[in-house]
Student: 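Below you will find the structure I want to go over with you.
Just so it is clear: chains get the letters A, B, ... in the order the sequence lines come, proteins before strands, and each one is counted from 1.
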Protein chains: 2
Amino acid sequence: MSADEDTLAPRDFESLRSLIIDRRSVLPRRLAQVAKYALDHPDEVAFGTAASIAGAADVQPSTLVRFAHQLGYDGFSDLQKVFQERLRGRNSSYEERMEALKTAKEDEKGEAALVRGFLAAAQRSLEDFSSLVDPALLSRAVNILAGADTIYLLARRRSYPLVAHMAYAFGKLRVKNNLIASPNGIDPEIAAMAGRNDAALAISFSPYAADSISQARAMSDAGVPVVAITDSAFSPLADCATEWLEVAESDYAGFRSLSASMALCMALPVAIAEARLQKQR
Amino acid sequence: MSADEDTLAPRDFESLRSLIIDRRSVLPRRLAQVAKYALDHPDEVAFGTAASIAGAADVQPSTLVRFAHQLGYDGFSDLQKVFQERLRGRNSSYEERMEALKTAKEDEKGEAALVRGFLAAAQRSLEDFSSLVDPALLSRAVNILAGADTIYLLARRRSYPLVAHMAYAFGKLRVKNNLIASPNGIDPEIAAMAGRNDAALAISFSPYAADSISQARAMSDAGVPVVAITDSAFSPLADCATEWLEVAESDYAGFRSLSASMALCMALPVAIAEARLQKQR
DNA sequence: TCCATTGTGGAATATTTATTTCATTTGTGC
DNA sequence: GCACAAATGAAATAAATATTCCACAATGGA
């Protein structure tokens with residue numbers, strides 16, 4: 001057990017990569033062979049078994065374990081995790097940051113820790129969502145809404161702040177809209193005013209508010225195009241929507257973030273207003 | 001062994017996804033639960049073990065195997081391979097992806113670029129704000145609000161979604177609150193109901209909504225403690241507030257982000273509810 | 001209400017997979 | 001070319017993981 005093995009063992013792929021490149025020249029033949037194979041076929045290392053990788057790299061499984069030990073890992077499985085993280089949506093630099101925040105938690109007083117927790121959840125939501133943005137889908141959704149005479153905004157409870165902002169943004173951009181959130185109980189009647197030339201934007205996340213769903217379905221049945229923002233392919237909203245956009249938010253202390261959905265809800269009005277301008281020409 | 005199981009078993013993720021969406025409605029409870037988990041957390045399914053995935057989805061490992069069989073696979077491992085294939089070749093280290101996002105702006109079509117722009121602005125806001133969090137100040141602000149009988153929430157226009165969320169969160173946490181945003185023009189009268197035992201939380205960013213400011217000042221003059229969230233030391237809100245918290249948001253396409261303020265507005269109710277619990281003891 | 005069918009949890013089992021061990025080979029300084 | 005250390009291959013072992021099995025519960029039809 002040389003001193004090396006205690007100090008090393010990077011947890012993120014980029015550091016590991018540099019380490020391997022550094023070390024390769026001083027490694028024995030078989031280990032160098034593994035080093036080369038690992039950097040040339042990182043996907044294989046991430047998904048393969050010790051035996052399959054060893055076969056492909058033309059070494060013995062035990063050589064893989066030795067290689068991992070040499071680099072300071074507990075074993076091959078430990079090393080493999082780094083290769084897996086690389087392919088994961090949230091990779092280790094993210095994990096590290098979360099760790100940093102978590103440890104900061106203990107130092108700080110309760111309130112600041114809480115704020116950081118929510119900031120971290122928000123950040124995570126943004127990152128996760130940014131990899132899910134589908135330009136074609138987005139384009140279809142914007143098209144539907146840009147073609148509408150009046151846009152009906154439908155959301156309750158946790159999602160309500162999102163449409164509240166949209167109503168504000170649409171107002172500034174002079175886009176006709178109708179926020180279905182009246183405190184006087186005539187929501188269904190307002191929803192019934194929507195026709196084929198209008199469109200609805202419905203937002204709901206699990207646990208889905210029952211009347212959001214039923215009103216969205218009613219509008220959809222009435223031939224109103226419905227664009228939905230929701231959190232799963234199995235959301236009842238996804239069912240009845242003409243197009244639906246997926247946003248999966250992280251949560252903290254029992255409250256889900258709104259940052260990704262909010263960013264989307266800020267972009268939509270601008271995109272819609274722009275699409276309308278282009279149609280006028 | 002029904003005929004189904006021979007004919008099916010897609011080898012690529014997209015087909016599998018459609019198949020699962022199709023089938024889910026006719027699946028038994030636990031299998032549907034697995035279906036949802038699998039589509040909501042595909043990375044976990046790709047890298048996890050039967051036990052870890054089963055744990056996360058809150059089912060038994062055997063249920064995973066049944067699920068795979070139901071879909072026509074040999075077993076869970078066979079199904080898992082499809083989830084792994086999805087990630088192969090997608091070698092996105094975190095840095096690479098962030099770079100891609102920033103440069104992709106120019107390549108991508110309008111709508112997706114717009115969404116990315118707002119996501120980036122949100123991210124910047126979060127980062128900027130996280131370095132400004134002042135535990136002591138936060139603690140004083142929470143104290144004021146935790147000591148109040150009723151919390152009056154005051155915000156207009158762009159800031160309204162923030163207090164809309166807070167009203168929701170306070171509701172869930174059973175904290176008495178009063179959202180000053182009535183559509184019937186009696187806001188000043190509602191504000192006048194606040195007394196020394198209450199407190200106000202006012203939010204306003206430049207350009208400051210005139211009546212937010214005047215109502216905040218009125219309450220402050222009446223001896224109501226006021227906690228403010230605003231964007232500058234020179235904000236008129238900072239003037240009349242007992243304590244004020246600074247949040248500077250980035251903007252994109254003429255609309256300022258709300259992500260940092262929103263994170264703060266999610267943390268505050270939780271912090272306040274916790275502080276109240278501790279006071280009771 | 002009963003029966004038959006289908007679904008479910010949990011433990012037992014089988015299988016796969018990683019790791020360790022050790023005999024053998026290879027390389028290196030003298 | 002000899003002795004010594006380091007490296008290697010192959011097989012044995014240990015650990016983990018998936019799968020099967022069975023008793024029991026829930027469900028739906030007669």
Side-chain angles (χ1 to χ4, degrees), chain A residues 1-5 9 16 20 23-38 41-85 234, chain B residues 1-5 8-9 16 20 23-38 41-85:
Chain A
M1 302 294 143
S2 73
D4 285 351
E5 303 190 3
L16 173 56
I20 293 179
R23 285 284 198 89
R24 197 167 108 91
S25 51
V26 300
L27 285 178
R29 193 170 61 99
R30 292 304 197 195
L31 297 192
Q33 200 172 319
V34 172
K36 176 170 165 52
Y37 182 84
H41 309 275
D43 286 9
E44 293 303 320
V45 178
F47 290 118
T49 67
S52 73
I53 297 165
D58 196 28
V59 296
Q60 292 289 324
S62 50
T63 307
L64 293 183
V65 178
R66 278 187 214 114
F67 179 72
H69 282 159
Q70 180 73 233
L71 261 37
Y73 293 93
D74 282 351
F76 167 70
S77 305
D78 194 26
L79 169 71
Q80 192 179 37
K81 281 189 190 121
V82 177
F83 281 80
Q84 294 182 345
E85 286 306 323
F234 303 118
Chain B
M1 305 297 139
S2 73
D4 285 352
E5 304 189 4
L8 297 165
L16 173 55
I20 293 179
R23 283 283 198 92
R24 195 173 109 102
S25 50
V26 301
L27 285 179
R29 191 169 64 99
R30 297 259 103 122
L31 297 191
Q33 199 172 320
V34 172
K36 176 166 165 53
Y37 182 85
H41 308 274
D43 287 8
E44 293 302 320
V45 178
F47 288 117
T49 68
S52 73
I53 297 165
D58 196 28
V59 297
Q60 293 288 324
S62 49
T63 307
L64 293 183
V65 178
R66 276 185 216 118
F67 178 71
H69 282 159
Q70 181 75 232
L71 261 36
Y73 293 93
D74 283 351
F76 167 71
S77 305
D78 193 26
L79 168 71
Q80 192 179 36
K81 283 190 189 122
V82 178
F83 280 80
Q84 294 182 345
E85 283 308 320

Student: How would nucleotides 7-18 of chain C be written as a contact map, 5' to 3', with B for base contact, S for sugar-phosphate-only contact and - for no contact, using protein heavy atoms under 4.0 Å?
Tutor: SBBB------SS
Student: Go through the structure and list residues passing side chain to side chain donor-acceptor pair (under 3.5 Å) with Lys36(A), not counting sequence neighbours.
Tutor: Asp40(A)
Student: Quick check: closest heavy atoms across Tyr73(A) and Leu79(A), and the distance to 0.1 Å?
Tutor: CE1-CD1, 3.5 Å
Student: In whole angstrom, give the distance that lies between atom CG of Leu64(B) and atom P of dT19(D).
Tutor: 9 Å
Student: Please identify each residue that fulfils side chain to side chain donor-acceptor pair (under 3.5 Å) with Arg24(B), with sequence neighbours left out.
Tutor: none
Student: Indicate yes or no for a side-chain donor-acceptor contact from Gln80(B) to the backbone of Gly48(B) under 3.5 Å, with no hydrogens or angles considered.
Tutor: yes
Student: Of all heavy-atom pairs between Ile20(B) and Ala35(B), which one has the smallest distance, and what is that distance?
Tutor: CG2-CB, 3.6 Å
Student: Quick one: Leu79(B) CG to dT19(D) P, roughly how many Å, whole number?
Tutor: 10 Å
Student: Once you round it to whole Å, what is the distance between C1' of dT19(D) and CG of Asp78(B)?
Tutor: 13 Å
